[in-house]
Q: 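A single structure is presented below for examination.
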Amino acid sequence: MTATTPIRWGILGPGSIAQSFAGGVAASDTGKLVAIGARNPAKPGLAERFPGARILDGYDALLADPDIDAVYISIPHPGHAQWAIKAAEAGKHVLCEKPLAENFGKATEMADAAEAAGIVNMVNLTYRNVAALQKARQMVQAGEIGTVRHVEASYLQSWLVSKFWGDWRTDPKWLWRLSRGHGSNGVLGDVGIHILDFASYGAAVDIDHVFCRLRAFDKAPGNRIGDYGLDANDSFAMTLDFSNGAFGVVHASRWATGHLNELRLRIYGEKGGIEVVHNLDGSTLKACVGENVENAIWEELDPGTVETNYQRFTDAVRTGVQAEPSFRHAAELQKVLDLAVVSDEKRAELRANAETR
(Lines give C-alpha, C1' and ligand atoms only; values in the text may rest on other atoms or scores of the structure.)
Protein backbone atom coordinates (compact mmCIF):
# COMPACT_ATOMS: atom_id res chain seq x y z
CA MET A 1 0.00 0.00 0.00
CA THR A 2 1.33 3.43 -0.99
CA ALA A 3 1.05 6.71 0.88
CA THR A 4 -1.89 7.74 -1.33
CA THR A 5 -3.77 4.46 -1.72
CA PRO A 6 -7.32 4.72 -0.32
CA ILE A 7 -8.02 2.22 2.45
CA ARG A 8 -10.84 -0.17 1.62
CA TRP A 9 -13.15 -0.32 4.63
CA GLY A 10 -15.63 -2.84 5.90
CA ILE A 11 -17.96 -2.14 8.83
CA LEU A 12 -19.21 -4.76 11.29
CA GLY A 13 -22.75 -3.81 12.23
CA PRO A 14 -25.08 -1.29 10.55
CA GLY A 15 -26.03 0.81 13.61
CA SER A 16 -26.16 4.58 13.96
CA ILE A 17 -22.49 4.84 14.98
CA ALA A 18 -21.56 2.86 11.87
CA GLN A 19 -23.57 5.23 9.71
CA SER A 20 -21.76 8.23 11.19
CA PHE A 21 -18.39 6.57 10.55
CA ALA A 22 -19.41 5.72 6.98
CA GLY A 23 -20.20 9.39 6.40
CA GLY A 24 -16.72 10.31 7.59
CA VAL A 25 -15.11 7.82 5.24
CA ALA A 26 -17.17 9.13 2.32
CA ALA A 27 -16.12 12.71 3.12
CA SER A 28 -12.42 11.80 3.12
CA ASP A 29 -10.10 11.14 0.20
CA THR A 30 -8.16 8.48 2.10
CA GLY A 31 -10.77 5.74 2.36
CA LYS A 32 -13.54 3.94 0.53
CA LEU A 33 -16.41 2.04 2.13
CA VAL A 34 -16.62 -1.37 0.44
CA ALA A 35 -19.07 -3.39 2.51
CA ILE A 36 -21.25 -3.67 5.59
CA GLY A 37 -21.54 -6.92 7.52
CA ALA A 38 -25.10 -7.29 8.83
CA ARG A 39 -26.91 -10.01 10.76
CA ASN A 40 -30.07 -9.08 8.86
CA PRO A 41 -28.90 -7.93 5.42
CA ALA A 42 -32.48 -7.80 4.10
CA LYS A 43 -33.47 -5.15 6.64
CA PRO A 44 -35.17 -2.29 4.77
CA GLY A 45 -33.16 0.88 4.28
CA LEU A 46 -29.63 -0.49 4.64
CA ALA A 47 -28.67 0.24 1.04
CA GLU A 48 -29.93 3.82 1.38
CA ARG A 49 -28.09 4.36 4.67
CA PHE A 50 -24.80 3.05 3.25
CA PRO A 51 -24.78 4.13 -0.40
CA GLY A 52 -22.28 2.37 -2.63
CA ALA A 53 -21.44 -0.36 -0.11
CA ARG A 54 -22.26 -4.02 -0.54
CA ILE A 55 -24.49 -5.40 2.23
CA LEU A 56 -23.07 -8.78 3.25
CA ASP A 57 -24.82 -11.57 5.11
CA GLY A 58 -23.04 -11.71 8.47
CA TYR A 59 -19.68 -10.71 9.87
CA ASP A 60 -17.78 -13.79 8.68
CA ALA A 61 -18.62 -12.90 5.07
CA LEU A 62 -17.14 -9.45 5.55
CA LEU A 63 -13.92 -10.76 7.09
CA ALA A 64 -13.52 -13.23 4.24
CA ASP A 65 -13.77 -10.48 1.61
CA PRO A 66 -10.34 -10.00 -0.04
CA ASP A 67 -11.28 -6.49 -1.16
CA ILE A 68 -11.28 -5.16 2.42
CA ASP A 69 -8.12 -3.80 4.07
CA ALA A 70 -9.51 -2.60 7.39
CA VAL A 71 -12.61 -3.08 9.51
CA TYR A 72 -14.45 -0.76 11.85
CA ILE A 73 -16.14 -2.59 14.73
CA SER A 74 -19.22 -0.75 15.94
CA ILE A 75 -21.28 -3.64 17.32
CA PRO A 76 -22.18 -3.80 21.06
CA HIS A 77 -19.04 -4.27 23.15
CA PRO A 78 -19.77 -7.86 24.31
CA GLY A 79 -18.96 -8.90 20.72
CA HIS A 80 -15.78 -6.85 20.33
CA ALA A 81 -13.31 -9.52 21.46
CA GLN A 82 -14.69 -12.33 19.29
CA TRP A 83 -14.82 -10.32 16.09
CA ALA A 84 -11.67 -8.26 16.56
CA ILE A 85 -9.69 -11.45 17.08
CA LYS A 86 -11.28 -13.01 13.99
CA ALA A 87 -10.50 -9.86 12.00
CA ALA A 88 -6.87 -9.94 13.10
CA GLU A 89 -6.59 -13.60 12.16
CA ALA A 90 -8.03 -12.70 8.76
CA GLY A 91 -5.28 -10.10 8.31
CA LYS A 92 -7.56 -7.08 8.54
CA HIS A 93 -6.48 -3.89 10.30
CA VAL A 94 -8.95 -3.03 13.08
CA LEU A 95 -10.40 0.20 14.44
CA CYS A 96 -12.69 -0.70 17.35
CA GLU A 97 -15.18 1.36 19.32
CA LYS A 98 -14.86 1.72 23.08
CA PRO A 99 -15.00 0.09 25.52
CA LEU A 100 -12.57 -2.35 23.97
CA ALA A 101 -13.98 -5.41 25.77
CA GLU A 102 -16.05 -6.56 28.72
CA ASN A 103 -13.01 -7.08 30.94
CA PHE A 104 -9.22 -6.97 31.10
CA GLY A 105 -8.84 -10.64 30.18
CA LYS A 106 -10.73 -10.29 26.91
CA ALA A 107 -9.05 -6.99 26.11
CA THR A 108 -5.65 -8.64 26.59
CA GLU A 109 -6.64 -11.46 24.25
CA MET A 110 -7.53 -8.85 21.63
CA ALA A 111 -4.19 -7.08 22.03
CA ASP A 112 -2.27 -10.36 21.88
CA ALA A 113 -4.08 -11.46 18.71
CA ALA A 114 -3.55 -8.12 16.98
CA GLU A 115 0.14 -8.03 17.81
CA ALA A 116 0.64 -11.66 16.77
CA ALA A 117 -1.04 -10.95 13.43
CA GLY A 118 0.98 -7.79 12.87
CA ILE A 119 -2.07 -5.70 12.02
CA VAL A 120 -2.67 -2.06 12.91
CA ASN A 121 -5.07 -1.90 15.85
CA MET A 122 -6.64 1.12 17.52
CA VAL A 123 -9.52 1.84 19.88
CA ASN A 124 -11.55 4.92 19.02
CA LEU A 125 -11.03 7.04 22.13
CA THR A 126 -12.59 10.08 20.51
CA TYR A 127 -11.28 12.67 22.96
CA ARG A 128 -7.78 12.10 21.63
CA ASN A 129 -9.10 14.28 18.80
CA VAL A 130 -9.25 17.30 21.16
CA ALA A 131 -6.41 19.65 20.25
CA ALA A 132 -6.34 21.18 23.74
CA LEU A 133 -5.62 17.76 25.27
CA GLN A 134 -2.80 17.06 22.82
CA LYS A 135 -1.25 20.48 23.45
CA ALA A 136 -1.49 19.99 27.23
CA ARG A 137 0.41 16.71 26.95
CA GLN A 138 3.10 18.38 24.82
CA MET A 139 3.51 21.12 27.43
CA VAL A 140 3.86 18.57 30.24
CA GLN A 141 6.40 16.55 28.27
CA ALA A 142 8.35 19.72 27.47
CA GLY A 143 8.68 20.42 31.19
CA GLU A 144 6.69 23.68 31.10
CA ILE A 145 4.99 22.95 34.45
CA GLY A 146 7.77 20.87 35.96
CA THR A 147 7.16 17.47 37.52
CA VAL A 148 3.44 16.66 37.71
CA ARG A 149 2.24 16.47 41.33
CA HIS A 150 -1.57 16.55 41.27
CA VAL A 151 -4.22 15.73 38.64
CA GLU A 152 -7.95 16.45 38.74
CA ALA A 153 -10.32 15.11 36.07
CA SER A 154 -14.09 14.92 35.72
CA TYR A 155 -16.62 13.72 33.16
CA LEU A 156 -19.97 15.33 33.87
CA GLN A 157 -23.32 14.57 32.24
CA SER A 158 -26.87 15.51 33.24
CA TRP A 159 -29.15 13.18 31.30
CA LEU A 160 -30.67 11.81 34.52
CA VAL A 161 -31.82 15.39 35.23
CA SER A 162 -32.28 16.95 31.79
CA LYS A 163 -34.23 15.69 28.76
CA PHE A 164 -31.76 17.32 26.33
CA TRP A 165 -30.74 13.89 24.99
CA GLY A 166 -34.19 12.33 25.47
CA ASP A 167 -36.17 10.92 28.38
CA TRP A 168 -34.35 8.02 30.04
CA ARG A 169 -37.56 6.92 31.73
CA THR A 170 -39.16 5.87 28.43
CA ASP A 171 -36.31 5.38 25.95
CA PRO A 172 -34.57 1.94 25.87
CA LYS A 173 -31.49 3.67 24.41
CA TRP A 174 -30.93 5.17 27.86
CA LEU A 175 -32.65 2.66 30.11
CA TRP A 176 -30.23 -0.16 29.27
CA ARG A 177 -27.34 2.04 30.43
CA LEU A 178 -28.88 2.01 33.91
CA SER A 179 -29.34 -1.77 34.12
CA ARG A 180 -26.65 -4.31 34.96
CA GLY A 181 -29.00 -7.03 33.76
CA HIS A 182 -28.91 -5.49 30.29
CA GLY A 183 -25.12 -5.46 30.15
CA SER A 184 -24.32 -2.02 31.55
CA ASN A 185 -21.54 -1.26 34.01
CA GLY A 186 -22.99 2.17 34.56
CA VAL A 187 -21.18 5.44 34.15
CA LEU A 188 -17.90 3.67 34.98
CA GLY A 189 -18.27 1.34 32.02
CA ASP A 190 -19.71 4.00 29.73
CA VAL A 191 -17.31 6.91 30.15
CA GLY A 192 -14.70 5.64 32.62
CA ILE A 193 -12.25 4.68 29.90
CA HIS A 194 -12.61 8.15 28.35
CA ILE A 195 -11.85 10.14 31.48
CA LEU A 196 -9.04 7.84 32.61
CA ASP A 197 -7.40 8.24 29.21
CA PHE A 198 -8.07 11.99 29.24
CA ALA A 199 -6.36 12.30 32.62
CA SER A 200 -3.39 9.96 32.21
CA TYR A 201 -2.67 10.83 28.58
CA GLY A 202 -2.98 14.58 29.13
CA ALA A 203 -0.75 14.46 32.21
CA ALA A 204 1.67 12.05 30.48
CA VAL A 205 1.69 9.67 33.45
CA ASP A 206 0.68 6.03 33.94
CA ILE A 207 -1.78 4.82 36.57
CA ASP A 208 -0.23 2.87 39.44
CA HIS A 209 -2.88 2.37 42.16
CA VAL A 210 -6.63 2.93 42.27
CA PHE A 211 -9.25 3.33 44.99
CA CYS A 212 -12.84 3.74 43.83
CA ARG A 213 -16.37 4.23 45.15
CA LEU A 214 -19.44 3.56 42.98
CA ARG A 215 -22.98 4.70 43.63
CA ALA A 216 -26.39 3.96 42.09
CA PHE A 217 -29.09 6.27 43.39
CA ASP A 218 -32.82 5.61 43.67
CA LYS A 219 -34.53 6.66 40.45
CA ALA A 220 -37.94 4.91 40.36
CA PRO A 221 -40.27 2.91 42.62
CA GLY A 222 -38.45 -0.30 43.43
CA ASN A 223 -35.63 0.93 41.17
CA ARG A 224 -37.28 -0.77 38.20
CA ILE A 225 -38.95 0.41 35.00
CA GLY A 226 -40.48 -2.47 33.05
CA ASP A 227 -37.81 -5.10 32.40
CA TYR A 228 -35.02 -2.75 33.46
CA GLY A 229 -33.58 -3.03 36.95
CA LEU A 230 -31.96 0.36 37.66
CA ASP A 231 -28.92 -0.93 39.51
CA ALA A 232 -25.92 0.24 37.44
CA ASN A 233 -23.74 2.97 38.97
CA ASP A 234 -24.72 6.59 38.24
CA SER A 235 -21.62 8.18 39.75
CA PHE A 236 -18.06 7.19 40.62
CA ALA A 237 -15.21 8.81 42.47
CA MET A 238 -11.67 7.46 42.47
CA THR A 239 -8.28 8.42 43.74
CA LEU A 240 -5.20 7.42 41.80
CA ASP A 241 -1.50 7.11 42.41
CA PHE A 242 0.50 7.69 39.24
CA SER A 243 3.77 6.02 38.34
CA ASN A 244 5.80 9.21 38.88
CA GLY A 245 4.41 9.62 42.40
CA ALA A 246 1.72 12.14 41.46
CA PHE A 247 -1.73 11.99 43.05
CA GLY A 248 -5.00 12.08 41.13
CA VAL A 249 -8.72 12.55 41.73
CA VAL A 250 -11.12 11.43 39.00
CA HIS A 251 -14.90 11.42 39.09
CA ALA A 252 -17.92 11.16 36.80
CA SER A 253 -21.68 11.47 37.15
CA ARG A 254 -24.91 11.47 35.17
CA TRP A 255 -26.48 13.77 37.80
CA ALA A 256 -24.34 16.84 37.04
CA THR A 257 -27.02 19.47 36.44
CA GLY A 258 -25.91 22.12 33.98
CA HIS A 259 -23.30 19.94 32.27
CA LEU A 260 -24.67 18.17 29.19
CA ASN A 261 -21.37 16.47 28.33
CA GLU A 262 -18.21 18.00 29.75
CA LEU A 263 -14.70 16.74 30.37
CA ARG A 264 -12.37 18.80 32.53
CA LEU A 265 -8.70 18.21 33.33
CA ARG A 266 -6.41 20.16 35.64
CA ILE A 267 -2.72 19.29 35.84
CA TYR A 268 -0.57 20.85 38.54
CA GLY A 269 3.22 20.67 38.52
CA GLU A 270 6.14 22.13 40.45
CA LYS A 271 6.32 25.15 38.16
CA GLY A 272 2.79 25.72 36.87
CA GLY A 273 -0.64 24.41 35.98
CA ILE A 274 -2.72 23.52 32.92
CA GLU A 275 -6.48 23.29 32.48
CA VAL A 276 -8.39 21.63 29.62
CA VAL A 277 -12.16 21.88 29.24
CA HIS A 278 -14.12 20.15 26.49
CA ASN A 279 -17.88 20.30 26.05
CA LEU A 280 -20.55 20.77 23.38
CA ASP A 281 -19.43 24.37 22.86
CA GLY A 282 -15.86 23.35 22.03
CA SER A 283 -12.57 23.21 23.90
CA THR A 284 -10.41 25.61 25.88
CA LEU A 285 -6.81 25.38 27.06
CA LYS A 286 -5.50 27.58 29.87
CA ALA A 287 -2.14 27.70 31.62
CA CYS A 288 -0.65 29.39 34.65
CA VAL A 289 3.11 29.35 34.04
CA GLY A 290 6.20 31.49 34.31
CA GLU A 291 5.75 34.88 36.00
CA ASN A 292 1.97 34.35 36.14
CA VAL A 293 2.41 31.72 38.85
CA GLU A 294 3.10 34.40 41.47
CA ASN A 295 -0.25 36.14 40.93
CA ALA A 296 -2.34 33.11 39.89
CA ILE A 297 -3.00 34.47 36.40
CA TRP A 298 -4.37 32.01 33.87
CA GLU A 299 -3.97 32.68 30.17
CA GLU A 300 -5.97 31.02 27.41
CA LEU A 301 -3.78 29.39 24.75
CA ASP A 302 -4.36 28.45 21.14
CA PRO A 303 -3.83 24.67 20.88
CA GLY A 304 -3.83 24.63 17.09
CA THR A 305 -5.20 21.60 15.25
CA VAL A 306 -4.42 17.89 15.44
CA GLU A 307 -5.03 14.76 13.43
CA THR A 308 -8.08 12.68 14.28
CA ASN A 309 -8.00 9.02 15.29
CA TYR A 310 -9.22 8.20 11.78
CA GLN A 311 -6.32 10.09 10.23
CA ARG A 312 -3.79 8.49 12.59
CA PHE A 313 -5.20 5.05 11.82
CA THR A 314 -4.99 5.75 8.08
CA ASP A 315 -1.36 6.85 8.36
CA ALA A 316 -0.53 3.77 10.44
CA VAL A 317 -2.02 1.41 7.85
CA ARG A 318 -0.19 3.14 5.02
CA THR A 319 3.18 3.22 6.81
CA GLY A 320 2.87 -0.05 8.72
CA VAL A 321 3.79 1.73 11.97
CA GLN A 322 1.43 1.12 14.90
CA ALA A 323 -0.29 4.22 16.28
CA GLU A 324 -1.98 5.04 19.58
CA PRO A 325 -4.38 4.49 21.27
CA SER A 326 -3.71 0.80 20.65
CA PHE A 327 -5.53 -2.29 21.92
CA ARG A 328 -2.73 -2.77 24.47
CA HIS A 329 -3.24 0.73 25.84
CA ALA A 330 -7.00 0.24 26.06
CA ALA A 331 -6.49 -3.12 27.79
CA GLU A 332 -4.41 -1.44 30.50
CA LEU A 333 -7.19 1.11 31.03
CA GLN A 334 -9.72 -1.72 31.19
CA LYS A 335 -7.59 -3.28 33.92
CA VAL A 336 -7.97 -0.11 35.97
CA LEU A 337 -11.75 -0.14 35.41
CA ASP A 338 -11.97 -3.78 36.50
CA LEU A 339 -9.92 -3.02 39.60
CA ALA A 340 -12.15 -0.04 40.34
CA VAL A 341 -15.13 -2.38 40.70
CA VAL A 342 -13.19 -4.73 42.98
CA SER A 343 -11.89 -1.75 44.95
CA ASP A 344 -15.44 -0.60 45.60
CA GLU A 345 -16.50 -4.09 46.69
CA LYS A 346 -13.52 -4.51 49.04
CA ARG A 347 -13.16 -0.86 50.06
CA ALA A 348 -9.48 -1.24 49.30
CA GLU A 349 -6.75 0.39 47.24
CA LEU A 350 -5.48 -1.92 44.49
CA ARG A 351 -2.36 -1.92 42.35
CA ALA A 352 -2.89 -1.34 38.62
CA ASN A 353 0.73 -1.51 37.48
CA ALA A 354 2.70 -4.48 38.77
CA GLU A 355 5.95 -3.01 37.49
CA THR A 356 5.88 -0.04 39.85
CA ARG A 357 5.86 0.30 43.60
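Just so it is clear, the values below take in all heavy atoms, side chains as well, and ignore hydrogens, waters and symmetry mates.
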Q: If I compare all heavy atoms of S158 with all of A256, which pair ends up nearest, and what's the gap?
A: CB-O, 3.1 Å

Q: Which residues pass the salt bridge (charged side-chain N to carboxylate O under 4.0 Å, His left out) test with D69, sequence neighbours left out?
A: R8

Q: May I ask you to decide if D344's main-chain N or O and R347's side chain share a donor-acceptor pair within less than 3.5 Å?
A: yes

Q: Taking atom types as modelled, find out whether D206 and N353 have a side-chain donor-acceptor pair closer than 3.5 angstrom.
A: no

Q: With W83 as reference, evaluate V71, V94, I75, L62 under the side chain to side chain contact (heavy atoms under 4.5 Å, CB included) test and give the passing residue.
A: I75

Q: Among the clusters formed by ILVMFWY side chains lying less than 4.5 Å apart, do F242 and F211 turn up in the same one?
A: no

Q: Please confirm whether the backbone N or O of A246 pairs with a side-chain atom of N244, one donor and one acceptor, at under 3.5 Å?
A: yes

Q: With a 6.0 Å cut-off on the ring centroids, do Y228 and W174 count as close?
A: no

Q: Using 0.5 Å steps for rounding, measure from the SG atom of C212 to the CG atom of N233.
A: 8.0 Å

Q: Measuring from atom CG of L175 to atom CG of D227, what distance do you get when rounded to the nearest 0.5 angstrom?
A: 10.0 Å

Q: Can you list the steps and then say if S235 with W255 is a side-chain contact (heavy atoms from CB on, under 4.5 Å)?
A: CA-CA 8 Å; S235 298; W255 290 98; 4.0 Å; yes

Q: Do D234 and V187 have side chains that get closer than 4.5 Å, going by heavy atoms?
A: no

Q: Hey, is CZ on R180 packed in by over 12 heavy atoms from elsewhere, all under 6.0 Å?
A: no

Q: Would you check if Y127 and L263 make a side-chain contact, meaning some heavy-atom pair closer than 4.5 Å?
A: yes

Q: Go through the structure and list residues passing salt bridge (charged side-chain N to carboxylate O under 4.0 Å, His left out) with R169, not counting sequence neighbours.
A: D167

Q: Strictly below 4.0 Å, N to O, side chains only: are R254 and D190 in salt-bridge contact?
A: yes

Q: How many angstroms lie between NZ in K86 and CG in L12, if you round to the nearest 0.5 Å?
A: 10.0 Å

Q: Could you check whether any side-chain heavy atom of L240 comes within less than 4.5 Å of a side-chain heavy atom of L196, counting everything from C-beta outward?
A: yes

Q: How long is the span from the OG atom in S154 to the CD atom in E262, to the nearest 0.5 Å?
A: 6.5 Å

Q: Strictly by modelled atom types, are E97 and Y72 linked by a side-chain donor-acceptor pair under 3.5 Å?
A: yes

Q: Walk me through whether N279 and N261 qualify under side-chain contact (heavy atoms from CB on, under 4.5 Å).
A: CA-CA 6 Å; N279 54 37; N261 192 76; over 6 Å; no

Q: Which atom pair, heavy atoms only, marks the closest approach of S179 to A232?
A: N-CB, 3.9 Å

Q: Is there a chain of hydrophobic side chains (I, L, V, M, F, W, Y, each step under 4.5 Å between heavy atoms) that links V277 to L301?
A: no

Q: What class does the angle between the rings of Y310 and F21 fall in, given that below 30° is parallel, 30 to 60° is tilted and above 60° is perpendicular?
A: perpendicular

Q: Hey, is K286 close enough to E300 for a salt bridge, meaning N to O under 4.0 Å?
A: no

Q: M110 and H80: side-chain contact (heavy atoms from CB on, under 4.5 Å), yes or no, with the steps?
A: CA-CA 9 Å; M110 294 170 70; H80 286 182; 4.2 Å; yes

Q: Contact between W168 and K163 at the side-chain level, heavy atoms closer than 4.5 Å - yes or no?
A: no

Q: So does A352 get a backbone contact from the side chain of K335, meaning a donor-acceptor N/O pair under 3.5 Å?
A: yes

Q: Would you say that more than 12 heavy atoms from the other residues, nucleotides or ligands in this model lie under 6.0 Å from the CD of E294, or not?
A: no

Q: For the side chain of Q157 and the backbone of W159, is there at least one donor-acceptor N/O pair under 3.5 Å apart?
A: no

Q: Applying a strict under-4.5 Å side-chain criterion to I, L, V, M, F, W and Y, I'd like to know whether W165 and I225 cluster together.
A: yes

Q: Count the heavy atoms of every other residue, nucleotide or ligand shown that sit under 6.0 Å from CD of E270, and state whether that count exceeds 12.
A: yes

Q: Counting N and O atoms only, with roles assigned by atom type, does the side chain of R177 sit under 3.5 Å from a partner on the main chain of G186, one being a donor and the other an acceptor?
A: no

Q: Taking all atoms of both residues into account, what is the closest heavy-atom pair of A153 and A199, and its distance?
A: CB-CB, 3.7 Å

Q: Would you indicate whether K135, at its atom NZ, is surrounded by more than 12 heavy atoms from other residues, nucleotides or ligands within a distance under 6.0 Å?
A: no

Q: Flag the pair H77 / E102 as yes when at least one side-chain heavy-atom distance between them is below 4.5 Å, and no otherwise.
A: yes

Q: Per the side chain to side chain contact (heavy atoms under 4.5 Å, CB included) rule, which among L133, V191, I193, V250 passes with F198?
A: L133

Q: Quick one, N129 with V306, criterion side-chain contact (heavy atoms from CB on, under 4.5 Å). Give me CA distance, side-chain angles, the key distance, then yes/no.
A: CA-CA 7 Å; N129 300 337; V306 295; 5.6 Å; no

Q: Are the side chains of F236 and R215 in contact, using a 4.5 Å heavy-atom criterion?
A: no

Q: Let me confirm one number: the CG-CG distance from N223 to L178, rounded to the nearest 0.5 Å.
A: 10.0 Å

Q: Please report the shortest heavy-atom distance between S283 and H278, naming the atom on each side.
A: OG-ND1, 2.5 Å

Q: Would the distance check show the side chain of K271 and the main-chain N or O of G143 forming a donor-acceptor pair, the cut-off being under 3.5 Å?
A: yes

Q: Any donor and acceptor pair, going by atom type alone, linking the side chain of R266 with main-chain N or O of V276 inside 3.5 Å?
A: no

Q: Given the rule that I, L, V, M, F, W and Y join up when any side-chain heavy atoms are under 4.5 Å apart, are F217 and L188 in one cluster?
A: no

Q: Could you pull out the closest heavy-atom pair between I68 and A35, with the gap in Å?
A: CD1-CB, 4.1 Å

Q: Determine the minimum heavy-atom distance between V148 and A203, stating which atoms define it.
A: CG2-O, 3.9 Å

Q: Same cluster or not: are I207 and F247 linked, directly or through other Ile, Leu, Val, Met, Phe, Trp or Tyr residues, by side-chain heavy atoms under 4.5 angstrom apart?
A: no

Q: Within the 4.5 Å heavy-atom criterion, are K219 and L160 side-chain neighbours or not?
A: yes

Q: With a 4.5 Å cut-off on side-chain heavy atoms, are I11 and L33 touching?
A: yes

Q: For residues 327-334, please give each side-chain donor-acceptor pair under 3.5 Å, one per line with the distance, not counting sequence neighbours.
A:
{"unit_1": "R328", "atom_1": "NE", "unit_2": "E115", "atom_2": "OE2", "d": "3.1"}
{"unit_1": "R328", "atom_1": "NH1", "unit_2": "D112", "atom_2": "OD1", "d": "3.4"}
{"unit_1": "R328", "atom_1": "NH2", "unit_2": "D112", "atom_2": "OD1", "d": "2.6"}
{"unit_1": "R328", "atom_1": "NH2", "unit_2": "E115", "atom_2": "OE1", "d": "2.7"}
{"unit_1": "R328", "atom_1": "NH2", "unit_2": "E115", "atom_2": "OE2", "d": "3.4"}
{"unit_1": "H329", "atom_1": "NE2", "unit_2": "R128", "atom_2": "NH2", "d": "3.2"}
{"unit_1": "H329", "atom_1": "NE2", "unit_2": "D197", "atom_2": "OD1", "d": "2.6"}
{"unit_1": "Q334", "atom_1": "NE2", "unit_2": "D338", "atom_2": "OD1", "d": "2.9"}

Q: With rounding to the nearest 0.5 angstrom, report the CG to CD1 distance, L46 to I36.
A: 8.5 Å

Q: In terms of side-chain heavy atoms, does Q134 have a donor or acceptor partner in Y201 at a distance below 3.5 Å?
A: yes

